[in-house]
Structures are given as structure tokens and as C-alpha cells.
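Structure first, then comments.
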Amino acid sequence: MKAKMTVNRAFTVSEIDSRIYGSFLEHLGRAVYGGIYEPGHKNADNKGFRNDVKALVKELKTSFIRYPGGNFVSGYNWEDGIGPVKNRPKRLDLAWSTIETNEVGLHEIMDWSEEVNAEINMAINLGSRGIDAARNIVEYCNHPSGTYWSDLRRTNGAKEPFKIKTWCLGNEMDGPWQIGAKTAEEYGRLAAESAKVMKLVDPSIELVVCGSSFIKMPTFAEWEATVLEHTYEHIDYLSLHSYYGNQKNDIKNYLAMSVGMDRFIKSVTAICDYIKAKKHSKKTINLSFDEWNIWYHSHEKDSKNEPWQKAPPILEDIYNFEDALLLGCLLITLLKNCDRVKIACLAQLVNVIAPIMTETGGSAWRQTTFFPFKQAATYGHGTVLRHNLDVAVYDSEEYSDVPLIESVVIHNENDNEITVFAVNRSEEENIEFLLTLQDFVVESVIEFSEICGFDKKQTNTVNSAPVEPKDSEKSSVDGNILKAILKPLSWNMIRVKVCGE
Ligand code: AHR
């Protein structure tokens with residue numbers, strides 16, 4: 001079977017914002033305590049943060065980390081996490097029914113994020129708190145000095161402001177499970193006033209307002225429109241959240257779920273533009289897909305969890321090969337929509353529905369999903385090209401006309417490279433992929449790397465990582481046509497050298 005794809009150097013979607021390779025670290029389960037932070041571990045640094053975990057976070061190349069929640073943030077007092085650790089209060093975390101010790105707080109996370117080369121995306125509490133706590137944390141983090149909160153930061157050891165650029169105005173505020181859940185009217189007004197005041201403190205910041213918790217919320221679409229009516233002139237991005245799972249063990253439908261993600265993105269874009277038109281505004285609101293991932297393996301186990309433990313092992317999905325394929329399809333979908341999706345956060349980063357796992361007192365290891373993310377975050381930079389794809393399609397239980405190939409082509413102008421990411425969704429067919437690169441002078445294939453040939457349910461473990469990329473030789477260049485064989489059920493990355501202008 002053949003798939004023909006055509007791109008042209010001049011026809012572009014958009015430049016990729018590197019924040020699309022974001023992730024998420026919540027005070028939840030063993031993400032922070034027992035994940036990135038484990039004093040006494042043989043690999044811990046002098047502050048208690050594990051060097052082996054830092055190395056894996058750096059290898060993953062995530063550039064941007066949403067923090068500290070999630071549901072957790074809606075009951076969090078950020079002031080609990082500053083000042084001498086011995087004075088910090090232990091609290092009930094009502095979001096996850098656990099104990100929060102506050103050993104890790106603002107300064108610790110800012111120092112750690114610098115070490116792993118990532119920027120922090122700070123979420124504020126608009127559940128149990130409001131405008132006052134919001135303006136104070138911006139002043140604490142971003143104001144240089146000479147005021148109560150900025151001088152307190154200096155006293156606590158950070159002479160220079162943290163300069164946090166991107167802030168989330170709460171989390172999933174439409175969800176009945178959320179501490180301080182609100183109607184769209186209530187949230188819209190609070191988010192607008194908080195945003196206004198936060199930007200009075202620091203006009204250079206960018207703000208993300210909450211969209212619906214997921215597309216199947218009964219208030220979806222109406223929620224987005226009402227919240228944007230209130231906040232449009234004060235905010236910069238609208239959030240989307242979505243988790244996927246193969247509960248029905250139907251791989252055809254599972255791998256088609258990125259088609260649903262694409263539809264979700266297009267719908268939310270349309271709502272943003274509807275409000276833009278209604279307001280006769282020059283401003284465009286872009287999207288922050290700040291929670292996306294696969295989440296279903298751990299549901300049953302977590303329903304039996306005992307409350308009020310410190311850092312219990314919850315939401316610890318162990319991913320398999322088919323999960324890595326879907327994760328690849330989802331990443332490609334985000335990239336194909338990079339004209340509007342400027343921020344995206346894989347939820348989450350360590351231990352909690354995460355690409356990186358740790359053993360308490362033991363090793364840190366890479367899940368199957370680690371690899372497509374790492375390759376995209378490493379090589380998926382530059383400009384996404386518009387494409388035309390001619391390939392067979394199929395219907396699944398929930399989706400129609402699903403192409404057998406999910407693919408994106410990126411032109412990295414700085415390095416004179418084309419990078420192709422592609423998933424072959426077919427269980428049976430080798431697909432001969434023919435990519436015509438119009439207006440490019442193609443030199444050679446630099447690298448063709450694939451993840452394929454595994455049992456769909458194959459997982460990695462702490463001791464072995466069978467599911468990882470391997471080099472393939474099955475590609476060639478003929479003039480400006482790239483030819484590659486995409487094996488059945490495969491994730492593929494092909495990098496091609498092209499001539500400069
Ligand atoms: O990522 C896990 C949880 O999923 C987050 O805390 C919440 O925002 C979402 O419902």
C-alpha cells in the first residue's frame with residue numbers, strides 16, 4: 001500500500017512555540033515527594049532532589065512545566081511553601097485526600113526547574129482563594145524589590161525575581177470535583193478581575209484562562225463562550241484538557257482518538273474566533289492544551305486507595321506499546337494545529353501518569369511513551385508545513401474516515417532539516433510513504449528511527465526497556481521525493497538534510 005504526501009516550502013501552518021513540549025508536575029501521588037524529591041536517596045543532591053530523575057527530565061527535553069496543579073492548586077496556599085522548611089505547615093490536601101508536607105515549595109521548584117532547563121508555568125488558586133492571593137504571588141515572584149512581597153522573596157534567598165512569564169488562572173473550574181467550582185459567570189468575573197490585577201503588578205505576563213475540564217462536560221462550548229465574554233481583553237490563552245484510554249481494547253478506535261483531539265481543538269478555536277467577531281476585537285486568543293495524556297490503567301487500583309497518606313502511589317499508569325503509538329498521534333495532532341496551539345503540557349512528568357517513573361530508593365526509568373515525546377521535543381522545531389495526504393482511510397466505532405497514517409512535516413530553517421513524524425495505524429500493512437518536498441533541494445536522509453514490531457501490550461519496566469526507537473534502513477531520496485517504509489503499527493521519525501536558500 002502507498003501513501004503520498006506533498007508539502008511546499010512556502011506553504012506553512014506556523015512556527016512551533018517550544019512551549020508545545022510542556023509537561024506538568026502536580027503535588028499529587030509520588031510526583032514531587034518520592035519522584036523528583038527523595039532526600040536520603042543515593043542519587044539525591046544536597047537539597048534532596050534526585051540527580052537521576054533530573055537527568056531523565058533533561059533527556060526528555062520538556063521545556064515548560066505547569067505547577068503545582070491540577071486539582072491540588074484549588075486548595076493550595078502558596079505561602080505555605082516559602083520560608084524555612086521546618087516552619088512550614090502540614091496540610092490536608094482535599095483534592096487527593098493526602099497529606100501535604102510543604103517541604104517542596106516555590107523556591108525549591110524554581111531552582112530545580114533551572115537545573116532541568118525548563119520554564120515554570122505557575123497555576124494560581126482561584127478555587128478557595130482569589131484576587132488578593134493572585135496579586136501577591138505575582139509580586140513575590142516577579143517584582144524586583146522594595147515592597148513587602150518582593151523583599152520577602154529576597155529574604156528567603158532569591159535576590160533576583162523569578163520572572164515567571166506564563167500563569168494559569170485556576171484549574172478546571174467547571175468541574176464539580178474542584179475545590180471552589182464555579183459557574184461560568186462566577187468564574188469569568190473572578191478570572192477577569194484577577195487577570196487585570198495580576199497584569200497591573202506585571203504587565204509582561206501571559207495568562208491562561210480555564211476552558212471546560214473535558215469536551216464531554218455538559219456545559220462545554222457555552223462555558224468557553226461565557227468565560228471569554230468576561231475575560232477576552234485580559235487573557236492570552238484558553239485551556240483544553242483531555243485524557244484518552246483503551247478501555248474497550250479496540251486498537252482501531254484507540255489510535256483514532258487523535259482525530260477527536262483535532263476536532264476538539266478546531267471547536268475551541270471556533271469559539272475563540274466567535275467571541276473575537278462578537279467583540280469586534282483585533283486580538284486573537286490562542287490555545288493552551290495544558291493537560292493531555294493517556295490515563296486509564298490505574299483507575300481501578302486508585303479506587304481502593306486509603307486516604308491521608310503522604311505521597312501514596314496513585315495514578316501510576318504503566319504504559320504499553322499501543323499507548324506510545326497513540327501518544328505519537330496526539331503529539332502530531334498538536335503540531336498540526338500549532339498555528340493556534342501555542343502551549344501544551346503532557347500530564348504529567350514523573351510517576352503520576354508519566355513518561356518517567358522512579359522506584360523509591362531504587363532506579364528511575366523510561367516508559368514507552370517517553371520516546372515519541374523525546375524525539376519530537378528534540379527535533380520538532382521550526383515551521384510546520386501544510387500538507388496534502390493521499391492514503392486509505394477506515395471507520396472505527398467512534399470515528400469516520402481515519403487516515404491510516406497520522407503525520408506532520410516540519411522545516412527547521414536554522415539547521416536546514418526536514419523532520420517527519422508519522423504513525424502507521426494499520427495492524428497489517430507496510431505502507432510505502434512517498435513525500436514530495438516541493439521547492440526543496442534534498443540532500444540525504446540523516447536518520448530514520450522507528451518504534452515497531454512489539455506486542456501491543458508490551459511495557460517497559462525498571463529493569464528493561466524493550467520498547468524504544470531503533471534505526472531503520474528502509475528509506476531513500478530520489479530527487480525531491482523521500483521514500484520510506486512505515487511498518488504496521490509503527491511510530492517513525494525521519495530527518496532529512498536539505499540545502500539552504
Ligand atoms: O492530571 C491529573 C488531574 O486531572 C489534574 O489534577 C486535574 O486537573 C485533571 O482532572
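Given the structure is predicted, the values throughout are model-derived calculations rather than measurements. We count ligands from 1, going down the list as the structure has it; atoms in each ligand are counted the same way.
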Query raised in the report: Is it the side chain (CB and beyond), the backbone, both or neither of Asn171 that lies under 4.0 Å from ligand 1, heavy atoms counted?
Result: side chain

Query - Sub-4.0 Å atoms of ligand 1 with respect to non-hydrogen atoms of Gly70 - result: 5 (C), 6 (O), 8 (O)

Query raised in the report: At the 4.0 Å heavy-atom cut-off, does Phe72 count as touching ligand 1?
Result: no

Query raised in the report: Between Glu359 and Trp365, do the side chains contain an N or O donor and an N or O acceptor separated by less than 3.5 Å?
Result: no

Report summary line: Tyr243 heavy atoms within 4.0 Å reach ligand 1 at atoms 1 (O), 2 (C), 4 (O)

Query raised in the report: Between the side chain of Asp262 and the main-chain N/O of Thr333, is any donor-acceptor distance below 3.5 Å?
Result: no

Please tabulate, for the side chains in residues 161-169, all donor-acceptor contacts under 3.5 angstrom to protein atoms that are two or more places apart in sequence or on a different chain.
{"unit_1": "Thr166", "atom_1": "OG1", "unit_2": "Arg19", "atom_2": "NH1", "d": "3.1"}
{"unit_1": "Trp167", "atom_1": "NE1", "unit_2": "Ile164", "atom_2": "O", "d": "2.9"}

Query - Test of proximity, Glu26 against ligand 1: N or O pairs below 3.5 Å - result: yes

Query raised in the report: Quick one: does Glu172 get an N or O within less than 3.5 Å of an N or O on ligand 1?
Result: yes

Query raised in the report: Which residue and non-hydrogen atom of the protein lie closest to atom 9 (C) of ligand 1, and at what distance in Å?
Result: Glu291 OE1, 3.0 Å

Query - Salt-bridge present (Lys182, Asp174; N to O < 4.0 Å) - result: no

Report task. May I ask you to identify, for Trp96, whether its side chain, its backbone, both or neither come under 4.0 Å of ligand 1 on a heavy-atom basis? Result -> side chain

Query raised in the report: Which of these passes ring pair (Phe, Tyr, Trp, His ring centres under 6.0 Å) with Phe421: Phe371, Trp491, Phe373?
Result: Trp491

Requested in this report: Check each atom of ligand 1 against the heavy atoms of Phe24 and keep those under 4.0 Å away; list them by number with element.
Outcome: 1 (O)

Query raised in the report: Mind checking whether Tyr244 and Trp292 have ring centres under 6.0 Å apart?
Result: no

Query raised in the report: Would one find an N or O of Gln348, backbone or side chain, under 3.5 Å from an N or O of ligand 1?
Result: yes

**Report entry** Residues that Tyr296 engages under ring pair (Phe, Tyr, Trp, His ring centres under 6.0 Å), provided they are two or more places apart
**Finding:** none

